[in-house]
Amino acid sequence: MTGATSGIGLELFNKYVEQGYDVIACGRNQEKLTELEPKAKATMRFDVNEPEQIKSAIQSFEGNIDIAILNAGDCRYIDDVVNFDGQLFADVINTNLTSMGFLLQNILPKLSANGQLVLVSSSATILPFSRAQAYGASKAGLDYLANSLRIDLAPKNISVSLVHPGFIKTPLTDRNDFPMPFIISSEEAAIRIYKGVSARKPYIHFPKRLTLLLKLIAWLPDIIWHKIATKGLSK
Ligand SMILES: NC(=O)c1ccc[n+]([C@@H]2O[C@H](COP(=O)([O-])OP(=O)(O)OC[C@H]3O[C@@H](n4cnc5c(N)ncnc54)[C@H](OP(=O)(O)O)[C@@H]3O)[C@@H](O)[C@H]2O)c1
């Protein structure tokens, strides 16, 4: 499990351990990984933006992986769209999307027959949000990746679950300075993900009062969302 050192991943780590799973906790924060060590099967410290670190960490593990939960991610906003920050854009795309290629390259050969891949994207991909050009684009790419992987991995009996959380209270969203409707706890998010993955659901989204509302708006003519999304932006 990547991103096991904080927020949703940390709660998922606790949930899977509580259910008797042997969990490999991955992250960068050594202090947190050391704390998880007594409950984990193993801990792996790597930066998902460093392909060589991913390779040596995962190759050092000799067993098979039944469920790979790829949850590590970052959210940063484009605050000044006219002075577009290309480096921020590249950093977010690399952390949330490009890294997935190197993770898959090392994990897929170790995935058990009948194994599962779980990719944590975001409900932000249902509609375009202000300032979310980098985050939204990275997660939209992740959606395509998951949905396309599902087609090619089905004949190998590997199922792919795409996760679309709404707003979840974590250190990542603690940085947000805007209202987050229907926000839920990371414990609740972990329960939803655990249940969905156990049922091998292809698509896990929650809380439904947010995701279904976003889907309804996405189904309406584009002009309606454009008006809602731009309200208050023009001075
Ligand atoms: N919170 C929400 O409302 C929400 C909504 C939709 C989707 N999501 C997605 O859910 C996932 C988890 O988010 P969260 O809210 O739990 O965030 P979080 O509390 O900030 O945790 C992020 C995790 O990702 C790891 N990580 C980040 N960058 C990394 C890197 N370069 N290399 C290795 N690990 C890295 C962090 O590890 P270290 O701290 O050890 O570096 C940490 O464990 C993300 O993919 C996020 O986009 C969150």
Side-chain angles (χ1 to χ4, degrees), residues 1-15 23-37 40 43-58 68-77 88 90-103 106-107 118-127 129 132 134-143 145-146 161-190 192-193 196-197 203-207 210-211 214:
M1 176 185 307
T2 67
T5 49
S6 175
I8 298 171
L10 180 58
E11 288 304 330
L12 268 176
F13 171 85
N14 287 327
K15 183 79 194 158
V23 187
I24 303 174
C26 308
R28 290 172 302 184
N29 181 335
Q30 186 55 57
E31 210 176 305
K32 199 74 208 175
L33 288 172
T34 307
E35 257 176 55
L36 299 183
E37 249 162 36
T43 59
M44 290 182 185
R45 183 166 187 253
F46 58 81
D47 186 325
V48 296
N49 290 314
E50 298 292 340
E52 283 307 316
Q53 289 183 17
I54 296 177
K55 185 177 169 189
S56 67
I58 296 176
I69 302 180
L70 306 184
N71 158 76
D74 192 14
C75 179
R76 289 163 64 199
Y77 293 107
L88 182 153
D91 289 348
V92 173
I93 299 279
N94 284 338
T95 301
N96 292 352
L97 182 60
T98 311
S99 67
M100 290 289 169
F102 296 108
L103 288 164
N106 289 282
I107 289 170
V118 181
L119 273 61
V120 180
S121 175
S122 170
S123 58
T125 64
I126 300 171
L127 283 166
F129 287 87
Y135 184 70
S138 71
K139 294 297 191 179
L142 197 50
D143 287 1
L145 175 67
S161 296
L162 172 66
V163 184
H164 273 181
F167 290 112
I168 316 300
K169 182 159 175 33
T170 69
L172 186 145
T173 47
D174 286 345
R175 304 195 301 244
N176 289 346
D177 57 359
F178 51 82
M180 292 180 277
F182 309 119
I183 190 164
I184 62 169
S185 68
S186 48
E187 292 88 339
E188 185 61 31
R192 304 290 182 91
I193 296 172
V197 171
Y203 180 48
I204 301 164
H205 61 110
F206 55 86
L210 176 69
T211 54
L214 294 177

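Not measured: the values here are computed from a predicted model. When a ligand or atom number is given, it counts from 1 through the structure's own listing order.
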> Is there a donor-acceptor pair under 3.5 Å between the side chain of Asn176 and the backbone N or O of Phe178?
Replying inline: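 Looks like no, no N/O pair under 3.5 Å.
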
> Between the main-chain N or O of Asn49 and the side-chain N or O of Asn94, is there a donor-acceptor pair closer than 3.5 Å?
Replying inline: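 Checking the backbone N and O of Asn49 against the side chain of Asn94, no donor-acceptor pair under 3.5 Å is found.
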
> Under a strict 4.0 Å criterion on non-hydrogen atoms, which protein residues are in contact with ligand 1?
Replying inline: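 For ligand 1, the contacting residues are Gly3, Ala4, Thr5, Ser6, Gly7, Ile8, Gly27, Arg28, Asn29, Phe46, Asp47, Val48, Asn49, Asn71, Ala72, Gly73, Thr95, Val120, Ser121, Ser122, Tyr135, Lys139, Pro165, Gly166, Phe167, Ile168, Thr170, Pro171, Leu172, Thr173.
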
Cut-off 3.5 Å, side chains only: do [X] and [Y] have a donor facing an acceptor?
X: Asp143; Y: Thr125; value: yes
X: Asn96; Y: Ser138; value: yes
X: Ser123; Y: His205; value: no
X: Gln30; Y: Thr34; value: yes

